[in-house]
Every structure is written in structure tokens, then in C-alpha cells.
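Taking it in order: structure first as C-alpha cells, then the write-up.
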Amino acid sequence: MSQTPPLKRLTRKSLAIDTADYLREAIIAGSLPPGQRLLEVEISTQLGISRGTLREALQILEGEGIVESAHGRGKYVMSLSERAIKEIYSIRSILEQEAIRLACQNITPSGVEKLRSILAALFETAAKQEIYQVIHLDFMFHQEIWKIADNLLLERLLH
């Protein structure tokens, strides 16, 4: 009797998580700059989602420290000091090294091909000087390494 290998559990994302992912990328790309007030009515209308879904997404981003709430004045894109940025990158570099170590242990030929594909697109985009697309592809490259590392806590911390 042959045994089939165990299947990896699938996860479904909610619209709020998809919205948080989209807004996070917009913040990283500079479309929503530091200090900008996040107006619920305007953003929910532009994205075609309910204000409740947007509030849930903003709560996710607030929990990640990307969005801050000013009591009675709404939510804003977090502004970081130079020191905070240095500290974040210092810790991130340690976590990234662990992700790379784990990814090297777990990588498959298809994982190598996926990373090569992202890098090729990144270099092509960089040659065209499309900075926001370069940032997006760079983030995709890192996310793929985190995924290959297959450590959910590490991946969450790096996000």
C-alpha cells in the first residue's frame, strides 16, 4: 500500500488582509508617504471596499507599526526617525540572515527558478529606472526567500 505525502495546509486570506497587503505596498512604494492622514471614506471608495474592511486592514497595519492612530484625529502613515530606521534595519539584517540560512536548506529547483525570475525582472526594471517597481520586486524577492525558509514566525516578524 503506497502512502501519499502529507499535503501542506492552505490558508485563505480575507479581504481585510488583502487590503492591508495592498496598503503596505503603497506605503513602501511611497504612494502613501509618511505622515499622510488615511481618510477612511476616500480610501474605501477608491478601493471599492467597505469602511469596516478598511478599518480592519488599518488595525493590522497599526499592529505592525506602519500606521499610527492620533486620538480623535484619525490614522496616519507612521513617520520614522533616522534612529528608528537604523534600528529596524539592524534587526532585520539578523532575521534575514536566518531566513537565508533556512531557505538554503529548504530550496528546491523550482524555488531557485522563482528567485532567478524575480531577480531578472528586478534588474530589467532597474535598467529602466522604474524605482517603485524595483522596490516592489525587491520586496517580492525577499518574501520568496521567507516563504522558502518555511518558518511562519520568522516570516511574520520580517513582514
Side-chain angles (χ1 to χ4, degrees), residues 7-96 98-99 103 110-111 114-115 117-159:
L7 298 174
K8 186 175 181 176
R9 187 173 181 92
L10 299 177
T11 58
R12 285 191 344 199
K13 290 184 175 181
S14 70
L15 183 56
I17 291 172
D18 288 342
T19 302
D21 291 346
Y22 178 80
L23 292 173
R24 185 183 306 103
E25 287 187 26
I27 291 167
I28 291 168
S31 301
L32 295 171
Q36 179 170 332
R37 185 169 183 209
L38 301 169
L39 302 170
E40 285 183 10
V41 173
E42 183 180 312
I43 294 171
S44 63
T45 300
Q46 286 179 7
L47 298 180
I49 59 172
S50 73
R51 288 175 64 188
T53 298
L54 178 61
R55 284 187 196 116
E56 193 177 337
L58 292 175
Q59 283 294 104
I60 292 167
L61 296 176
E62 190 171 0
E64 294 174 2
I66 296 171
V67 166
E68 60 186 338
S69 184
H71 186 67
R73 294 194 341 250
K75 298 196 183 296
Y76 294 81
V77 176
M78 178 68 86
S79 296
L80 296 174
S81 67
E82 186 176 335
R83 178 183 174 152
I85 291 169
K86 285 180 182 178
E87 289 175 357
I88 289 167
Y89 274 98
S90 172
I91 298 301
R92 183 174 171 191
S93 117
I94 294 166
L95 296 175
E96 286 276 3
E98 179 63 7
S110 66
K114 177 100 180 206
L115 289 173
S117 172
I118 296 169
L119 276 179
L122 191 150
F123 291 137
E124 183 179 313
T125 305
K128 296 177 188 174
Q129 298 183 351
E130 297 173 2
I131 188 67
Y132 295 122
Q133 187 63 14
V134 168
I135 292 168
H136 173 73
L137 288 166
D138 177 69
F139 191 64
M140 279 181 58
F141 179 77
H142 286 269
Q143 284 182 307
E144 189 61 27
I145 291 171
W146 307 341
K147 183 177 160 189
I148 294 167
D150 195 30
N151 182 314
L152 296 177
L153 178 59
L154 181 61
E155 186 175 352
R156 196 174 89 223
L157 290 170
L158 283 162
H159 265 286

Summary of salt bridge (charged side-chain N to carboxylate O under 4.0 Å, His left out) pairs that have at least one residue in residues 129-138, sequence neighbours excluded: none

Taking the side chain as every heavy atom from C-beta outward, state whether [X] and [Y] have any atom pair closer than 4.5 Å.
X: K75; Y: Q59; value: yes
X: E87; Y: I91; value: no
X: L154; Y: W146; value: no
X: E42; Y: Q46; value: yes
X: N151; Y: E155; value: no
X: K86; Y: R83; value: no
X: E56; Y: T53; value: no

Heavy-atom closest contact ([X] atom, [Y] atom, distance):
X: V41; Y: T45; value: O-OG1, 2.7 Å
X: A99; Y: A149; value: O-CB, 3.4 Å
X: L122; Y: V134; value: CD1-O, 4.1 Å
X: Y76; Y: G35; value: CD2-O, 3.3 Å
X: A57; Y: A20; value: CB-N, 3.6 Å
X: R51; Y: S44; value: CG-OG, 3.4 Å

State which residues pass ring pair (Phe, Tyr, Trp, His ring centres under 6.0 Å) with Y22; sequence neighbours excluded, sorted by chain then number. none

Residue among V67, L38, D21, V77 satisfying side chain to side chain contact (heavy atoms under 4.5 Å, CB included) with L61: V67

Rounded distance [0.5 Å steps], [atom1] in [X] versus [atom2] in [Y]:
X: M140; Y: L119; atom1: CE; atom2: CG; answer: 11.0 Å
X: L15; Y: L47; atom1: CG; atom2: CG; answer: 9.0 Å
X: L23; Y: L58; atom1: CG; atom2: CG; answer: 6.5 Å
X: R55; Y: I43; atom1: CZ; atom2: CD1; answer: 12.0 Å
X: E98; Y: S93; atom1: CD; atom2: OG; answer: 12.5 Å
X: I66; Y: I27; atom1: CD1; atom2: CD1; answer: 6.0 Å

For [X], which residues count as a salt bridge (charged side-chain N to carboxylate O under 4.0 Å, His left out) partner, sequence neighbours excluded?
X: E64; value: R24
X: R92; value: E96
X: R156; value: none
X: E25; value: none

Evaluation steps, side chain to side chain contact (heavy atoms under 4.5 Å, CB included), between L158 and H142: CA-CA 9 Å; L158 283 162; H142 286 269; over 6 Å; no

